[in-house]
Amino acid sequence: MDLFDDNPKKSCCSKTRCSVIVFVCLLVSVAVICVVTFTADVREKIQYDTSVLQWWKTTPVYQIYPMSFKDTDDDGKGDLNGITEELSYLSNLGVKAVWISPFYESPMMDNGYDISNHTAIDPIFGTMDDFDRLLEEANKKGIQVIVDFVPNHTSNESQWFIDSENRVKGYEDFYVWVNGTVGTPPNNWNNTLGMSAWTWSETRQQYYYHNYLKEQPDLNYRNPAVKAAVLDVMKFWLEKGVAGFRIDAIVHLFESEDLQDQVTVNLPEIFPVIKDWKKLLDAYSNPPRVMFSETTSVDSEIIKKYYDAGTIPFNFDLVKKVNRTCGGICMRDVISEYMTKLGSNDWPTFLTGSHDISRVATRLGNDKTRAMAMLLLTLPGTPIIYYGEEIGMADVRYTFDEGQDSFGLRLGKGGYENRTRDPERSPMQWTSALNAGFTNDSATPWLHLSPESPKVNVELQKANASGILQLYKNLIDIRKYPSFETSKLDFAEVTSDILSYIRSAAGWQMHLVIINLSSQSATHDFSSGPVFSTKGTVAVTTDNSSPVGQDVDLTSVTVEPFQGVIIAVNYQKH
């Protein structure tokens, strides 16, 4: 064969074929490079970015009731220095934000929610220097401090009220004053105790309105001077360096002006006031400031208005709509109903207890405390942890003679036993000592300690690798995964006993949460949608029946009675 064949057709054909081959190879190479580059770029773009999240979206908030947290001056009542002393405990627990109930100057007719001076510390809790030190030490540990703010009412010993009662210029209309005669209130409105919401002032010769105790007169937000004074109070604490506010009783800020019908909840005038507060908070941006609100009796339309105004409304559904018989389907429906009320940009909240709510161990049963902890800390949004829940504290029974709760005491012996809030406010159980390390053993606590404190306390829980305190730490720790830092929730297998759902974020590890809310073990297939995988690994469990790190066949998962388990799902193409 002649290697130098001069046949023009043959030569031309050969050159063309070679050129085509080279061209095709170049196209394929470019395509491969483009596909790889484009895919990587898409993956990068669709991956959920946690770096832009505000701090309150990345941590639980731990509520401290200061009277009951830690006493350092041996008067039997908790104080600010007690909180400072236990900041390391909170840091080790993993929380990066605390909400402190009122510590302001007060006659204590409602345990501090009757404020006589909004910018002073009550001597029971310490001094302003103590508060400044608390903020400083919390800042060192990366813990944000949210303070309770009570704008709806003041104490009747507040200088504002005294001046208003005496018609001092500028304060005449600071409160809701109405003409009337002694013994004949302006109307039949009742307060939260079921008693008349009106009290006669001999000094002013008028009635004043109070949605709560008669020692808690409501401010008049139809007066611009009141709005300005409240903004000044907020500015005072923002200048101090607080990270935000939990707004108390916000739904009662306004009452119907004509006094005909008792409409005192969620009036439309509330929302412009909140917007003004939000505008003030936005002026303090390092760190960004947050505003949570105590909201009740809210439908989806009202919830949206609170969010749009600039505050995050607390969600009480896991308290008000959940009882001991609530199983998987019931729990799913409660959570779904709430989540569907939210807009795409509305950040959820969940809580299972507070200073006004019976503790989980008592309300739902001690056997459900771990399951409820897993539920609270794996749902979307910001969870609120009430002090002591992390060690399994239960309500403490107090007799009428031992009572400290003014609301309950004013209802008489029978009313106190049914409605007192003292049981959920018992002192924190730190050790097995006589007064549980809450105060000196020689001191008398403002409320006596739980008889269970020698067996249920922080000291013992710290030494228990499988205790509920360690479970809380594990759950708070796993929330660092981006899958738990979204508002996305997809339910998986749900039965009368089992509640399960996945938490996921684009481009990150998916987690399957399975909670058995019954006293019977259950086995189910969790591998279908939305999980779409047959393999996983145990990440957190409420007990030792499923060791962490154990591989799991998702086609057949057995969950023991009242057990919860979080499984890191292994991705599988499908």
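As a basis for the values below, the full set of heavy atoms in this structure was taken, side chains included, without hydrogen atoms, waters or symmetry mates. Just so you know, these numbers come straight off a predicted model, no measurement behind them.
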Legend entry - Trace of the side chain to side chain contact (heavy atoms under 4.5 Å, CB included) decision for Q461 with I468: CA-CA 7 Å; Q461 284 290 330; I468 190 170; 3.8 Å; yes
Inset, instruction - Using modelled atom types only, decide if a donor and an acceptor are shared between the side chain of D79 and the backbone of G82 within a distance under 3.5 Å. - result: yes
Legend entry - Check: T362 side chain, D395 main-chain N or O, donor-acceptor pair, under 3.5 Å: yes
Inset, instruction - Taking atom NZ of K473 as the centre, report whether more than 12 heavy atoms of other residues, nucleotides or ligands fall under 6.0 Å from it. - result: yes
Inset, instruction - With side chain to side chain contact (heavy atoms under 4.5 Å, CB included) as the test, would you mind laying out the steps for M331 and L517 before giving the verdict? - result: CA-CA 9 Å; M331 199 72 76; L517 294 165; 4.0 Å; yes
Inset, instruction - Kindly say whether V242 contributes a backbone atom to a donor-acceptor pair with the side chain of R289 at under 3.5 angstrom? - result: yes
Inset, instruction - Kindly write out the residues that satisfy salt bridge (charged side-chain N to carboxylate O under 4.0 Å, His left out) with D356, not counting sequence neighbours, or none if the list is empty. - result: R421, R425
Inset, instruction - Give a yes-or-no answer on whether the side chains of S545 and D543 include a donor-acceptor pair shorter than 3.5 Å. - result: yes
Legend entry - Partner of H210 under side-chain hydrogen bond (donor to acceptor under 3.5 Å, both in side chains), chosen from T192, N152, T199: T199
Inset, instruction - Answer yes if the ring centres of F131 and F103 are under 6.0 angstrom apart, and no otherwise. - result: yes
Legend entry - Pairs touching residues 389-436 that satisfy ring-ring contact (aromatic ring centres under 6.0 Å, His included), sequence neighbours left out: F69-W430, Y89-W430, Y398-H448, F400-Y416
Inset, instruction - Rounded to the nearest 0.5 Å, what's the gap from CD on E215 to CG on D110? Could you check? - result: 9.5 Å
Inset, instruction - Scan side-chain atoms only and decide if N81 and R133 contain a donor-acceptor pair under the 3.5 Å cut-off. - result: yes
Legend entry - Closest heavy-atom pair and its distance - L87, I143: O-CD1, 3.8 Å
Inset, instruction - Compute whether any side-chain donor of one residue and acceptor of the other, for N457 and T431, lie under 3.5 angstrom apart. - result: no
Legend entry - Member of V540, T542, I566 meeting the side-chain contact (heavy atoms from CB on, under 4.5 Å) criterion with N474: V540
Legend entry - Any donor-acceptor N or O pair under 3.5 Å, side chains T382, W347: yes
Legend entry - Separation between CD1 of I476 and CD of E390, rounded to the nearest 0.5 Å: 8.0 Å
Legend entry - Ring-ring centroid check F292 F245, cutoff 6.0 Å: no
Legend entry - Salt-bridge contact E424-R397 (side-chain N to carboxylate O under 4.0 Å): no
Inset, instruction - Kindly compute the distance separating OH (Y212) from OH (Y113), expressed to the nearest 0.5 Å. - result: 10.5 Å
Legend entry - Criterion ring-ring contact (aromatic ring centres under 6.0 Å, His included) on H355 and Y386, from CA distance to verdict: CA-CA 8 Å; H355 59 292; Y386 187 49; 7.0 Å; no
Legend entry - Rounded distance (nearest 0.5 Å) linking atom CD1 of I515 with atom OG of S500: 9.0 Å
Inset, instruction - Examine the side chains of T127 and D130 and answer whether a donor and an acceptor come within less than 3.5 Å of each other. - result: yes
Legend entry - N211 side, atom CG; N191 side, atom CG - distance, nearest 0.5 Å: 7.0 Å
Inset, instruction - Could you tell me whether D477 and K480 have a side-chain N and a carboxylate O separated by less than 4.0 Å? - result: yes
Legend entry - Donor-acceptor side-chain pairing of Y501 and H511 below 3.5 angstrom: no
Legend entry - For Y104, ring pair (Phe, Tyr, Trp, His ring centres under 6.0 Å) partners two or more places apart: W237
Inset, instruction - Kindly write out the residues that satisfy side chain to side chain donor-acceptor pair (under 3.5 Å) with T59, not counting sequence neighbours, or none if the list is empty. - result: none
Inset, instruction - May I ask you to check whether over 12 heavy atoms, not counting those of N544, lie within 6.0 Å of atom CG? - result: no
Legend entry - Side chain N464, main chain L460, donor-acceptor under 3.5 Å: no
Inset, instruction - For N516 and V559, indicate whether the former's side chain and the latter's backbone hold a donor-acceptor pair under 3.5 Å. - result: yes
Inset, instruction - Without swapping roles, check the side chain of R503 against the backbone of T378 for a donor-acceptor pair under 3.5 Å. - result: yes
Legend entry - Salt-bridge contact K77-D71 (side-chain N to carboxylate O under 4.0 Å): no
Legend entry - Donor-acceptor pair, side chain of Y208 and main chain of F161, under 3.5 angstrom: no
Legend entry - Under the side chain to side chain donor-acceptor pair (under 3.5 Å) test, residues paired with E485 that sit two or more places apart: none
Inset, instruction - State whether the side chain of E157 and the backbone N or O of S116 hold a donor-acceptor pair below 3.5 Å, judged by distance alone. - result: no
Inset, instruction - Count the heavy atoms belonging to other residues, nucleotides or ligands that lie under 6.0 Å from NZ of K240, then report whether that count exceeds 12. - result: yes
Inset, instruction - Apply the test side chain to side chain contact (heavy atoms under 4.5 Å, CB included) to residues L281 and L238: give CA-CA distance (whole Å), side-chain angles for both, the deciding distance (0.1 Å), then the verdict. - result: CA-CA 8 Å; L281 264 68; L238 289 168; 4.1 Å; yes
Legend entry - Pairing residues for K70 by the side chain to side chain donor-acceptor pair (under 3.5 Å) criterion, not counting sequence neighbours: E85, E86
Legend entry - S201 side chain to E165 side chain, donor-acceptor N/O pair below 3.5 angstrom: yes
Inset, instruction - For the pair N92 (side chain) and S88 (backbone), establish whether a donor and an acceptor sit closer than 3.5 Å, ignoring hydrogens and angles. - result: yes
Inset, instruction - Test the R324-F562 pair against the cation-pi criterion, namely NZ or CZ under 6.0 angstrom from the six-membered ring centroid and within 45° of the ring axis. - result: no
Legend entry - Closest non-hydrogen atom pair, L377 against P60: CD2-CG, 4.0 Å
Legend entry - S450 vs Q429, side chain to side chain contact (heavy atoms under 4.5 Å, CB included): CA-CA, chis, key distance, verdict: CA-CA 8 Å; S450 167; Q429 297 157 203; 3.2 Å; yes
Legend entry - Member of S106, S155, S406, S158 meeting the side-chain hydrogen bond (donor to acceptor under 3.5 Å, both in side chains) criterion with D114: S106
Inset, instruction - Could you walk me through whether Q550 and T537 pass side-chain hydrogen bond (donor to acceptor under 3.5 Å, both in side chains), step by step? - result: CA-CA 6 Å; Q550 174 179 289; T537 305; over 6 Å; no
Inset, instruction - Using the ring pair (Phe, Tyr, Trp, His ring centres under 6.0 Å) rule, pick out the option among Y62, F314, Y65 that qualifies with W99. - result: F314
Inset, instruction - Nearest 0.5 Å please: distance from the CE atom of M393 over to the OG1 atom of T369. - result: 13.0 Å
Legend entry - Check: Y209 ring centre within less than 6.0 Å of W198 ring centre: yes
Inset, instruction - Would you confirm whether N323, through its side chain, and C326, through its main-chain N or O, come within 3.5 Å as a donor-acceptor pair? - result: yes
Inset, instruction - Would you kindly say whether Q216 and T154 are connected by a side-chain donor-acceptor distance under 3.5 Å? - result: no
Legend entry - Side-chain donor-acceptor pair present, N315, T349, cut-off under 3.5 Å: no
